[in-house]
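What follows is one structure encoded as structure tokens, with my remarks underneath.
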Amino acid sequence: MHSLRSHHCNQLTKADVGKRVTLMGWVHNRRDHGGVIFIDLRDREGLTQIVFNPEICGTSHTMAEHFRAEFVLHVEGEVSARPDYSINPNLPTGEIEVMVDTVKLLNNCNPLPFQLDEADSVSEELRLTYRYLDFRRPQMSSILQARHRVAFAVRQYLNSEGFLEVETPILTKSTPEGARDYLVPSRVNPGNFFALPQSPQIMKQLLMVGGIDKYFQICKCFRDEDLRADRQPEFTQIDMEMSYVTQEEVFRITEGVIRNAFKAGINHDLRLPFPRMTHKESMDLYGCDKPDLRFGLELFNATEILKDSNFKIFNTTLEQGGVIKGLMYPGGASFSRKDLDDLTSYVGNYGAKGLAWFKFVDGSVQSPIAKFFNEDSIAKLQSLSGAKNNDIVFMVCDTQNVVNQSLSALRNHLARIGKMIDDSVFSFLWIIDFPLFKYNDEEQRLESEHHPFTAPVVEDIDLLDSNPLAVRSSSYDLVLNGVEVGSGSIRIHNYALQKKIFELLSLDEYAINEQFGFFLDALKMGAPPHGGIAPGLDRILMLMLGLSSIRDVIAFPKTQKASCLLTKSPSAVSDRQLKELHLRITK
RNA sequence: GGGGGUGUAGUUCAAUCGGUUAGAGCACUGCCCUGUCACGGCAGAAGUUGCGAGUUCGAAUCUCGUCAUCCCCGCCA
């Protein structure tokens, strides 16, 4: 036996009675009866009750009188069957106990900043400050174990499909477009900076040019943007790229990855293939490109029906190119005036200047603005919305963006407060046929909807000059329960087309050469057609495990201000370090 | 950058309308207890009410500022 330890704390059963065993672990709980002392010994795997009886070993018993929570013990003794009346059915090892005759105190432990069994109610702030204590809790341990199983299953599956895992640099090049970069100053090259990768996008495309054919990497990505419950400045992607593929093949592989991940993570069998929806349909019906399909509440467009009214606010907005969309909420006629005020201020967060509502009750309509519409319009509205007795219809009239954003948010909000969501469902969805570009009003130029390496749909290439905003791209998003969990595309592999896209994005010649010259060169040297995708491992795990924060699936996450409570980073550095890096702090 | 929530003992919470010595559970310390498993019993220690101003006879409580943390908007190719 090479290991000092003979068993983990979840292993011993009645079949082991009589064996001499050695366990290592923490004092989880201690019950001192004056004579006999019981301790629940804990390791990563579970609990075992160990018994210190003065009649078995006086020395051990005397030592055990001074043991406290989270002391680290090495115990040896004989496995003994518990008397019938003291079997603990809540414990896998509840039928046995270990009668300790030899104990070594491997380490003692100060009183903890929080009790492990109360961590559910303790502040996350405290848990993050002492994250290593948090890990000792079975809940956290099982999350990290699930994360390991998922990552391992992903590697196994992609290996079986012929993928190579290749590491790409963390110190890489800052490029325009996209998120704000984390920068690393170069000591050797004064005034120059590396950037941490927002994703290994260009590198994986270069691997395709290099004939790697099928690449993957479970890799860290870095984006210096503000945080959310599902956004961390560093996060992990399952990054993939394949040569000579169609969208169909990317979907097949991705679905295989996801299915294996769910099997390994929580032993859940997902049904394949995942449903698909075009970007246009998603925007029309749900007002966003990541709809949660676990509930209905589809939007409808009421612009035609309501355009001829005496309601000035609607008319003015419509004249300026606005639209009217709405959604029907069953049973919503019971909302109080205060409820409706709250919902109005809720959509206000998304730019809506108001929230019109129509309650349908006992054959009549109740609404502060009903008087502006004729009966025919209201009848059509009721019919279009599908409202029955005691239902409510919400309407927003504004620019298309504001209407979609506010109603999409309202839709999710209503489903939450109405408890319309089945938490046990995993609703995957592919969104396809994204537009290639969107228009940035502020900078008055085209921007990539996905990223600048995304190939346009072949039939739409002719529109690049005449009507670029109508060009569809061959990009796709994977959505799970209303959360974007992956994004990818078939890439441009043609030099001239890539250069043209850069130009359409208003990157000047100098920037193109300076930032992307090496990449354009590669496209000139026999780049094969290729495409890929990058599912977000953290978000998938969060949803798989039914957690509400990405921080719960990351061992050492950052706070909302992007700092680490454990290490207190980021932190100031010495003048000497700054000098070496040729940096001066200005404040 | 903006909106909102939270901050009281190690910890989780309480403290009536602004009122006199800021309480309780768990943890901690000491003592008792040989079949517990949230063991039990007795006793004890433990507070810059996040921090700083202000209002008031009097502030955990009201006002302003500030810090930390959480949620959201902006931002996230």
Side-chain angles (χ1 to χ4, degrees), chain A residues 28-41 47-56 61 65-66 68-70 80 82-91 93-94 97 99 109-130 175-181 198-199 201-202 221-233 235 345-352 405-406 409 412-413 434 436-438 440 442 446-454 473 475 484 487 489 501-502 505 507 536 548-549 551 558-561 563 565 568:
Chain A
H28 186 67
N29 195 6
R30 174 175 170 280
R31 297 174 291 280
D32 184 347
H33 287 254
V36 68
I37 296 171
F38 301 98
I39 284 175
D40 295 328
L41 194 70
L47 295 175
T48 298
Q49 174 162 281
I50 58 177
V51 184
F52 295 85
N53 190 319
E55 289 163 14
I56 289 178
H61 178 265
E65 285 179 335
H66 300 100
R68 293 295 181 268
E70 300 304 308
S80 162
R82 296 203 200 180
D84 283 348
Y85 56 84
S86 72
I87 285 175
N88 185 342
N90 302 319
L91 225 52
T93 58
E97 58 198 358
M99 310 304 290
C109 179
N110 289 349
L112 300 185
F114 61 92
Q115 289 167 248
L116 301 189
D117 58 349
E118 287 183 351
D120 287 340
S121 53
V122 96
S123 73
E124 186 181 11
E125 200 175 342
L126 199 61
R127 286 172 48 209
L128 291 181
T129 305
Y130 301 94
T175 52
E177 304 268 312
R180 192 177 292 112
D181 285 321
Q198 298 176 27
S199 84
Q201 183 61 35
I202 290 180
C221 302
F222 305 86
R223 295 177 190 176
D224 188 5
E225 297 292 349
D226 286 339
L227 284 72
R228 289 285 190 283
D230 63 354
R231 264 164 41 187
Q232 281 276 304
F235 61 99
S345 76
Y346 185 79
V347 295
N349 291 332
Y350 301 86
Q405 280 171 31
S406 53
N412 287 328
H413 184 66
F434 277 80
L436 188 63
F437 299 114
K438 62 189 167 200
N440 184 326
E442 227 170 274
L446 292 175
E447 269 183 353
S448 292
E449 173 80 27
H450 181 50
H451 60 50
F453 315 108
T454 303
S473 80
S475 71
E484 184 205 308
S487 192
S489 62
I501 297 292
F502 283 150
L505 294 171
L507 300 183
S548 52
S549 164
R551 295 185 296 276
K558 307 276 189 291
T559 68
Q560 195 167 47
K561 276 191 72 186
S563 66
L565 292 173
K568 297 189 170 56

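Just so we're clear, the structure is a prediction, and the values are computed from it rather than from any experiment. Each chain gets a letter, A, B and so on, in the order its sequence line appears, and its residues count up from 1.
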Below 4.0 Å: OP1/OP2 of [N] and any side-chain N or O of [X]:
{"X": "A:R31", "N": "B:C39", "value": "yes"}
{"X": "A:R68", "N": "B:U29", "value": "yes"}
{"X": "A:S548", "N": "B:C70", "value": "no"}
{"X": "A:Q49", "N": "B:U36", "value": "no"}
{"X": "A:R228", "N": "B:C73", "value": "yes"}
{"X": "A:Q405", "N": "B:G74", "value": "yes"}
{"X": "A:K561", "N": "B:A68", "value": "yes"}

Judged by whether its glycosidic angle lies within 90° of 0, B:C62 is anti
Q: Check each of A:S473, A:P452, A:S448 against A:L436 using the side-chain contact (heavy atoms from CB on, under 4.5 Å) test, and report the only one that passes.
A: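 Exactly one candidate clears the test, A:S473.
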Considering only the [atom1] atoms, how many Å lie between [N] and [M], rounded to the nearest integer?
{"N": "B:G2", "M": "B:G65", "atom1": "P", "result": "12 Å"}
{"N": "B:G18", "M": "B:A60", "atom1": "C1'", "result": "11 Å"}
{"N": "B:G40", "M": "B:G7", "atom1": "P", "result": "30 Å"}
{"N": "B:C17", "M": "B:A59", "atom1": "C1'", "result": "14 Å"}
{"N": "B:U61", "M": "B:A15", "atom1": "P", "result": "14 Å"}
{"N": "B:G5", "M": "B:G23", "atom1": "P", "result": "30 Å"}
{"N": "B:C75", "M": "B:A68", "atom1": "P", "result": "24 Å"}

A:Y346 and A:H413: aromatic ring centres closer than 6.0 Å?
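For A:Y346 and A:H413, the ring centres are under 6.0 Å apart.
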Identify all pairs in which a protein N or O lies below 3.5 Å from an N or O of nucleotides 40-44 of chain B, and state each distance.
none

Restricting both atoms to N or O, compile the protein contacts to nucleotides 7-11 of chain B shorter than 3.5 Å, with distance only.
| from | atom 1 | to | atom 2 | distance (Å) |
| --- | --- | --- | --- | --- |
| B:G10 | O2' | A:P113 | O | 2.8 |
| B:G10 | N2 | A:Q115 | OE1 | 3.4 |

Here the distance between atom C1' of B:C37 and atom CG of A:N53, to the nearest Å, is 16 Å
A:H33 atom NE2 is separated from B:C31 atom P, nearest whole Å, by 18 Å
Practice item. Report the C-alpha separation of A:Q198 and A:D181 in whole Å, then their side-chain angles, then the decisive distance to 0.1 Å, and conclude whether the side chain to side chain donor-acceptor pair (under 3.5 Å) test is met. Key: CA-CA 7 Å; A:Q198 298 176 27; A:D181 285 321; 2.6 Å; yes
Q | Set of side chain to side chain donor-acceptor pair (under 3.5 Å) partners for A:S563, sequence neighbours left out | A |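 Partners of A:S563 by the side chain to side chain donor-acceptor pair (under 3.5 Å) criterion, ordered by chain and then number, come out as A:T559.
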Per atom distances to the A:S563 side chain, the nearest of B:U69, B:C76, B:U36 is B:U69
